[in-house]
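Remarks on the structure that follows.
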Amino acid sequence: MTIATHTELVHRFTEDFTALQDAVLARMNGMASPETAAALDHPSLAGPIAIALAHADVLARGDIRRTELSGLPAPHRLRQLREHARRVRRARSEADAVCKEQRARRIADRRRPPLEPLELRVARAADPEAYGRALREEFLDRGSPAADARAPDNDLALWAREWGSAASELPLPVRELLECHDDAFVQALLRDAREGENPHLAHDAVVERWGRHARTALAWGRYAIAQAERQVLACPLTTRRAQLDALDDAYQDAAILAARAREAKHRIAELHDRIRDRAAAGPFAELIAQCRAAALIRFAADEPRLWQRACRLATDHQQDCEARADGCPRCHRILAALLTENASADTSQNDDDGGLEGSAPGYNERYAILDDFSSPAAVAVADAAIGDESALCGYGWAAEDGTTGYGDSMASCSGEAEIIGICQAALSLLGRHPEAPVVVLCDSTQAVEAVNLALTSADPAAAHRTVLFPEGRELLDRLSPHRDRFHVRWLKGHIGHDLNETADALAGLAVRRATGRVSASAARKEEAQILRSLTPGQLPGTAVA
């Protein structure tokens with residue numbers, strides 16, 4: 001194969017996504033020609049290959065789900081689809097690993113700046129805000145934007161515009177993407193997947209925002225899959241064709257969203273590398289060196305005690321350090337921690353309270369202590385489970401009064417599913433125990449903190465920021481008027497707690513029932529078995545949503 005032909009093939013794969021994906025899948029199945037396999041090994045295709053496999057991964061799972069819901073699928077066909085999906089997932093992991101290795105190699109090959117004095121690194125690590133303030137003031141005094149002090153690690157788009165990596169006069173579509181509300185930006189990402197690719201998302205000024213919101217857009221793609229899946233399951237097997245086509249369309253959109261999310265990550269890395277290369281040489285590198293030297297003088301003048309102690313600590317350390325010949329490249333973190341600990345010890349010696357003794361018990365120490373209520377509390381444990389392919393989730397709860405409940409809903413992540421379970425359990429207990437305080441325990445710290453934040457803020461907008469989908473938002477709105485009587489706390493999961501194990505089992509049953517993976521009769525038998533294991537000889541009442 002000639003070099004020219006090889007170059008043309010690489011160029012074709014770069015420009016034609018469908019051709020690239022076909023070639024990648026052919027190589028995965030051992031059916032690619034030697035020329036194609038050689039072209040796919042070109043370093044420039046590592047990122048596009050990862051993108052193509054992210055797309056293929058979602059489609060492979062969609063093929064399985066459509067076949068499962070189509071009626072009576074042939075076992076041989078399902079085995080083939082599942083084996084294909086496993087190969088795609090494995091190839092996707094390998095492609096992601098190649099991208100990470102490439103990036104690590106680029107970072108390692110990049111020329112490293114000279115190592116700064118140890119005392120400066122110690123002081124900066126001990127009080128980064130003070131040093132950052134001094135550096136920003138130095139940049140501003142020299143007429144350079146304050147954002148330059150953070151380059152190239154933060155605010156990449158602003159930095160790129162200021163230093164000519166992106167055009168200072170942004171095109172109108174780019175400005176609109178930058179200035180619109182977050183919800184409108186997510187809608188733009190959904191249109192990009194469902195209607196047509198938006199080339200302005202790749203602009204240096206927008207790509208960071210694209211990366212931040214790509215996961216949210218993908219969650220809405222999974223929401224559309226869940227809606228289509230519900231419509232399929234609501235129809236008799238003989239009339240599901242139209243609904244299955246709609247489900248296929250939802251998976252196609254989700255596949256594009258997954259690919260575009262991976263592309264955003266790839267483009268952000270490229271932008272970061274370009275800015276780092278620019279910052280490491282030329283006029284800007286000289287400006288950074290000058291500002292850092294001057295900022296050190298400012299910092300030492302503003303924080304004389306810290307600076308003197310850092311210098312003394314660095315000098316004493318370098319007398320015996322085995323790495324002193326190399327400038328102690330990693331020692332500053334340990335020394336900064338020691339410097340901070342000594343400062344805290346000095347402060348605590350002046351405290352009349354005797355330090356931490358007598359302070360309130362920590363979060364983890366109080367998770368199961370319920371004796372701080374003036375009257376007996378109604379207590380339940382909630383749990384949740386979320387499906388792999390769609391936003392369908394199941395929740396379950398079990399209360400000390402012998403009642404249980406489970407059902408299904410929509411959630412963007414496992415944390416949101418747990419919030420739904422907490423809310424459902426709380427609303428049920430509040431209705432049955434109108435005078436008692438209600439406590440719901442949950443083994444997700446993320447969900448517990450989110451619900452507490454939503455209820456203590458007394459702000460519907462804050463509650464809505466806690467969850468993405470309308471199902472969870474509506475539940476938080478219903479729970480909000482009861483914030484004075486409702487409490488949620490953390491419970492360590494999977495430690496043999498009867499209520500926790502029951503809630504977990506009910507949540508798993510709920511998500512399998514919602515996705516059609518268990519029949520109604522089998523679900524009833526499994527539910528009875530779960531409840532018998534909770535209270536032998538006594539069958540508590542169960543609410544099924």
Side-chain angles (χ1 to χ4, degrees), residues 18 21 25 54-89 190-191 193-195 217-259 384-396 406-413 416-417 420 468-472 506-527 544-545:
T18 301
Q21 189 172 77
L25 294 178
H55 183 270
D57 184 22
V58 177
L59 291 183
R61 287 184 279 124
D63 287 341
I64 293 172
R65 195 70 184 119
R66 179 185 171 101
T67 304
E68 287 176 339
L69 295 172
S70 62
L72 296 174
H76 176 67
R77 174 60 176 160
L78 270 178
R79 281 197 299 271
Q80 287 181 325
L81 292 174
R82 286 169 179 154
E83 177 57 31
H84 173 72
R86 280 192 290 269
R87 288 199 299 270
V88 172
R89 177 61 60 90
L190 294 175
R191 286 194 299 274
R194 295 167 179 169
E195 299 174 11
L218 187 54
W220 281 110
R222 295 176 69 245
Y223 188 88
I225 290 175
Q227 288 181 312
E229 194 170 6
R230 278 181 166 174
Q231 291 173 357
V232 172
L233 290 166
C235 291
L237 292 176
T238 55
T239 61
R240 286 185 175 180
R241 178 162 188 152
Q243 287 74 21
L244 287 169
D245 288 344
L247 178 63
D248 186 57
D249 290 343
Y251 269 105
Q252 294 283 346
D253 293 342
I256 296 174
L257 287 167
I386 191 164
D388 294 330
E389 298 89 2
S390 75
L392 278 172
C393 70
Y395 62 85
Y406 69 99
D408 60 87
S409 188
M410 305 275 210
S412 62
C413 61
E416 186 166 327
I420 290 171
L468 180 62
F469 295 154
E471 288 79 1
L506 289 173
L509 172 61
V511 75
R512 285 186 290 112
R513 192 190 69 163
T515 54
R517 290 183 167 90
V518 61
S519 65
S521 59
R524 287 193 295 270
K525 292 178 182 178
E526 185 173 341
E527 176 193 333
V544 182

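- Here CD1 of I225 is found 11.0 Å from CG of D249. Values are rounded to the nearest 0.5 Å.
- Residues G394 and A510 share a closest heavy-atom pair of CA-CB, 3.8 Å.
- Electrostatic pairing of D408 and R512 does not count as a salt bridge here, judged by no charged N lying under 4.0 Å from a carboxylate O.
- With 3.5 Å as the limit, one finds a donor-acceptor pair spanning the side chains of S390 and E229.
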With a cut-off of 3.5 Å and sequence neighbours excluded, list every side-chain donor-acceptor pair involving residues 233-242.
{"unit_1": "T239", "atom_1": "OG1", "unit_2": "P236", "atom_2": "O", "d": "3.3"}
{"unit_1": "R240", "atom_1": "NE", "unit_2": "V232", "atom_2": "O", "d": "3.0"}
{"unit_1": "R240", "atom_1": "NE", "unit_2": "C235", "atom_2": "O", "d": "3.0"}
{"unit_1": "R240", "atom_1": "NH1", "unit_2": "L69", "atom_2": "O", "d": "2.8"}
{"unit_1": "R240", "atom_1": "NH2", "unit_2": "C235", "atom_2": "O", "d": "3.4"}

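- Scanning for salt bridge (Lys or Arg N to Asp or Glu O under 4.0 Å) contacts around R194 gives D253, with sequence neighbours left out.
- For R82, the side chain to side chain contact (heavy atoms under 4.5 Å, CB included) partners two or more places apart in sequence, or in a different chain, are I64, E68, L78, R86.
- In this view, L59 and H55, Q252, A255 satisfy the side chain to side chain contact (heavy atoms under 4.5 Å, CB included) rule, not counting sequence neighbours.
- Closest heavy-atom contact between A193 and I256: O-CD1, 3.4 Å.
- Residues Q80 and H84 have side chains that never bring a donor and an acceptor to within less than 3.5 angstrom of each other.
- Here R61 pairs with D57, V58, R89, E389 under the side chain to side chain contact (heavy atoms under 4.5 Å, CB included) rule; sequence neighbours left out.
- Salt-bridge check for E83 with R87: passed, with a basic side-chain N closer than 4.0 Å to an acidic carboxylate O.
- At least one side-chain heavy atom of L468 sits under 4.5 Å from a side-chain heavy atom of W220.
- In plain terms, the two heavy atoms of A219 and S412 that are nearest each other are CB-CB, 3.9 Å.
- Across G516 and R65, no two heavy atoms sit closer than the pair N-NH2, 4.4 Å.
- For the residue pair V511 and T515, the shortest heavy atom distance occurs at O-OG1, 2.8 Å.
- Atoms CZ and CD1, from F469 and I420 in turn, are 9.0 Å apart once rounded to the nearest 0.5 Å.
- With rounding to the nearest 0.5 Å, the separation of CG in L392 from OH in Y223 is 10.0 Å.
- R222 contributes atom CZ, which lies 8.0 Å from atom CG of D388 (distance to the nearest 0.5 angstrom).
- With contacts defined as side-chain heavy-atom distances shorter than 4.5 Å, the pair R230/M410 qualifies.
- Note that the OG atom of S70 and the CD atom of Q243 stand 13.5 Å from one another [nearest 0.5 Å].
- Between the CZ atom of R66 and the CG atom of D248 there is a distance of 5.0 Å, given to the nearest 0.5 Å.
- Legend: residues meeting side chain to side chain contact (heavy atoms under 4.5 Å, CB included) with D63, ordered by chain and number and at least two apart, are L81.
- Nearest heavy-atom pair, G396 versus A507, reported as atom, atom and distance to 0.1 Å: N-CB, 3.7 Å.
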